[in-house]
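Naming: A, B, ... by sequence-line order, numbering from 1 per chain.
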Amino acid sequence: MLDIKLIREQPDHVRERLAARGAGDEAKISEVLNLDDQRRKALVEVEQLKAERNKVSKEIGALMGQKKLEEAEAKKKQTRDIGDRITVLDKQVAEVEAARDAILLRLPNLPHTKVALGKSAAENPTVRTWGNKPAFSAKPKSHVELCEQLKLVDFARGAKLSGSGFLLYTNWGARLERALIQFLLDLHTTEHGYTEVAPPYIIGRECMVGVGQFPKFEDQAYAVQEGLDKDTMGKLYLLPTAEAPVANIHRDEILKETQLPIRYCAYSPCFRAEAGAAGLGTRGMIRVHQFDKVELIKLVKPEDGYAELDKMVGNAERVLQLLGLHYKVIQLCTGDMGFASAMTFDIEVWAPGQDQYLEVSSCSNCEDFQARRMNLRFKTEAGENKFPHILNGSGTALARLFVALIETHQQPDGSIYIPEPLRPYLKADKIPA
RNA sequence: GGAGAGAUGGCUGAGUGGCCGAAAGCGACGGUUUGCUAAACCGUUAUACGGGUUAAACCGUAUCGGGGGUUCGAAUCCCCCUCUCUCCGCCA
């Protein structure tokens, strides 16, 4: 959520930054200002009335104590009217405030001024690349072909169980998935300084609002109903990413400055309705309704936000380096960034069988946008309460990593080469043909 | 799912209609004393919103799990919800 004070004090700056996203949100600022102005005017009035009522009520108390009952009764009558007007004005304030906040909750974060201007993914600048596209003597196979030949994933039966977009990993496929999860968690906890947490997979609505998924993207989530009780709908959701629960761990808290930075990593499956992505577009594992992911979350002091973002990107890159996978890091331009983010770097790994790069990580600094929504603050040494920067990044998404790994390391004999760092986890140096 | 108990400031815990934004203790912070440490003593110690100010000072409003009600006035009375604990049932 944007700071209402910032909107009040620098409306043109806010409009300009929103306009950079190219979604037309800057048009809503006038209405926010108008509602905010109405709210404050009504608030001043109602607070004056309340002050008056409090004053008279105290006098009544004093009179009652002195047994001057008649005078007390007279004053009671006087304040009854004030009470009625307060009720009306209170309601008015609440309504205007709700209207204002409904807009504020749907306004995206302001892009950092250093983010490249652009309209779409086509304008995302590449920051760097690592490694090279591997050479193959024959045309490399797609992961779909490899999975079927090596029986790593049973696509047909996955769909039988849960519909299209759901995967049934089998045998070496299941073991590889599990090995990757373990490898990633160990890497981030033992080498990158993250504290592992294991969050619930079904999460409350507030978590979704806190990270900015809701209210704007409610159509993308799987909602959960408890048994046959339809009243429970709208309360719990399958998590779309571990970011949602983990970033909310300290919601409504005031942390001590010395607690920062907090760095969490978490494995979770991720559930995405992908509404509007008809047929998911791609065959195989690239766009599915459920996938595994190891997520990185940081809560840091504002002045450390961007240094920590760079480190986080580096932590995700390390995964691909250890697995010997070629990738590039791109910065998302203003028009391509996510709702809550002020700056985002994506890591795209090369998938030879697809002849394309796949997004396996997206690292963002949301600055204080999410902290504000979830009322998460820290107290500085000077005793001031401030909102921390909240960062999230994939470290990394699994299904696509799986794809890149088997497509990159497929061997002429039909087996899959397993990179050294992963072998202790899979307890094998290759997946046999 | 059934029965009961509870939720108060950083923590413990008092408070059953006005003198309560809230006793007391602990902790923390500042100071005095002190060879050092400890102890003792004094003081300070929530948050948000709004007004005000160059900025402060200052003023007001709200907040005792959340929401609603009664009342001139609610931490306190009534209703609903959430969560925690204990016992029973069921269960991986």
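Put simply, CD on E47(A) is 12 Å from P on rG52(B), counting in whole angstrom units. rG9(B) atom P lies 14 Å from atom CD of E253(A), rounded to whole Å. Atom CG in D90(A) sits roughly 10 Å away from atom C1' in rU61(B) (whole-Å rounding). Regarding F387(A), its CZ atom lies at a distance of 8 Å from the P atom of rA48(B), rounded to whole Å. Straight-line distance from the NZ atom of K50(A) to the P atom of rG51(B): 16 Å, rounded to whole Å. Distance, L49(A) CG to rA62(B) P: 12 Å, rounded to whole Å. We find that CG of D36(A) is positioned 14 Å from C1' of rG51(B), with the value rounded to whole Å. Protein atom CG of N375(A) is 13 Å distant from nucleotide atom P of rG66(B), rounded to whole Å.
Here the side chain of L43(A) is nearest to one of rU61(B), rC72(B), rG50(B), namely rG50(B). If you check rA62(B), rC49(B), rG60(B) against the side chain of R53(A), the one that comes closest is rA62(B). Closest to the side chain of K76(A), out of rC72(B), rC49(B), rU61(B), is rC72(B). Ranking rG50(B), rC19(B), rA48(B) by closeness to the R39(A) side chain, first place goes to rG50(B).
Pairing for rC20(B) is absent, with no Watson-Crick or G-U wobble pair whose two atom distances lie under 3.5 Å. In this structure rU63(B) sits in a base pair with rA46(B), meeting the Watson-Crick or G-U test at under 3.5 Å. Nucleotide rG1(B) has rC88(B) as its partner under the Watson-Crick or G-U criteria, with both atom distances under 3.5 Å. Base pairing of rA14(B): no nucleotide in any strand meets the Watson-Crick or G-U wobble criterion (both distances under 3.5 Å). Both distances falling under 3.5 Å, in either a Watson-Crick or a G-U wobble arrangement, place rG6(B) opposite rC83(B). In this structure rC58(B) sits in a base pair with rG51(B), meeting the Watson-Crick or G-U test at under 3.5 Å.
Within a 6.0 Å radius of CD in E31(A), other residues, nucleotides and ligands contribute 12 heavy atoms or fewer. Taking a 6.0 Å sphere around NZ of K430(A), one finds it holds 12 or fewer heavy atoms contributed by other residues, nucleotides or ligands. Heavy-atom neighbours of R423(A) CZ from other residues, nucleotides or ligands within 6.0 Å: above the threshold of 12.
Spacing between rA57(B) and rC42(B) at atom C1', rounded to whole Å, works out to 25 Å. Taking atom P in both rC91(B) and rG1(B), the straight-line distance is 16 Å, to the nearest Å. On the P atoms, rG51(B) is 30 Å away from rU44(B), given to the nearest whole Å. Taking atom C1' in both rA39(B) and rU32(B), one finds a spacing of 14 Å when rounded to whole Å. Taking the C1' atoms as reference points, rC72(B) lies 24 Å from rC59(B), given to the whole Å. A gap of 41 Å separates the C1' atoms of rU82(B) and rG30(B), to the nearest Å. With both ends at atom C1', the span from rA28(B) to rG15(B) equals 25 Å, rounded to whole Å. When the C1' atom is compared between rG17(B) and rG10(B), the two are found 30 Å apart, to the nearest whole Å.
Base engagement by I60(A) is indicated by at least one non-hydrogen atom pair under 4.0 Å involving a base atom. Backbone-only contact: N54(A) has heavy atoms under 4.0 Å from sugar-phosphate atoms and none from a base. Nucleic acid contact for K235(A): none, since no nucleic acid atom lies under 4.0 Å from a heavy atom of the residue. Backbone-only engagement by V44(A) is indicated by non-hydrogen atom pairs under 4.0 Å involving sugar-phosphate atoms exclusively. Contacts of R205(A) with the nucleic acid, taken as non-hydrogen atoms under 4.0 Å apart, are absent. At a threshold of 4.0 angstrom between heavy atoms, the contacts of T79(A) are confined to the sugar-phosphate backbone, with no base atom among them. Within 4.0 Å (heavy atoms only), K41(A) reaches no atom of the nucleic acid at all.
Distances shown here put every side-chain N or O of R372(A) at or beyond 4.0 Å from the OP1 or OP2 atom of rA48(B). OP1 or OP2 of rA48(B) sits under 4.0 Å from a side-chain N or O of N385(A). For the pair R80(A) and rC72(B), the criterion of a side-chain N or O lying under 4.0 Å from OP1 or OP2 is met. Between rC49(B) and R40(A), no contact under 4.0 Å exists linking OP1 or OP2 to a side-chain N or O. Between R377(A) and rU47(B) there is no side-chain N or O to OP1 or OP2 distance below 4.0 Å.
Residue I254(A) is the one, among Q48(A) and I254(A), whose nearest nucleotide of RNA chain B lies closer to the 5' end (criterion: closest heavy atom). Projected onto RNA chain B by closest heavy-atom contact, K55(A) and K58(A) fall at different nucleotides, the more 5' of which corresponds to K58(A).
Under the 30°/60° scheme for interplanar angles, the aromatic rings of F166(A) and H289(A) are found to be tilted. Between Y194(A) and H192(A), the ring planes lie perpendicular to each other; the angle is over 60°, past the 30° to 60° tilted range.
In this structure, D368(A) CG and L6(A) CG are separated by 9.0 Å, a value rounded to the nearest 0.5 Å.
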**Report entry** Step-by-step side chain to side chain contact (heavy atoms under 4.5 Å, CB included) determination, R39(A) to V93(A)
**Finding:** CA-CA 6 Å; R39(A) 186 188 89 95; V93(A) 170; 4.1 Å; yes
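Identified under the salt bridge (Lys or Arg N to Asp or Glu O under 4.0 Å) test for residues 252-273 of chain A, with sequence neighbours left out: E257(A)-K301(A), R263(A)-E308(A).
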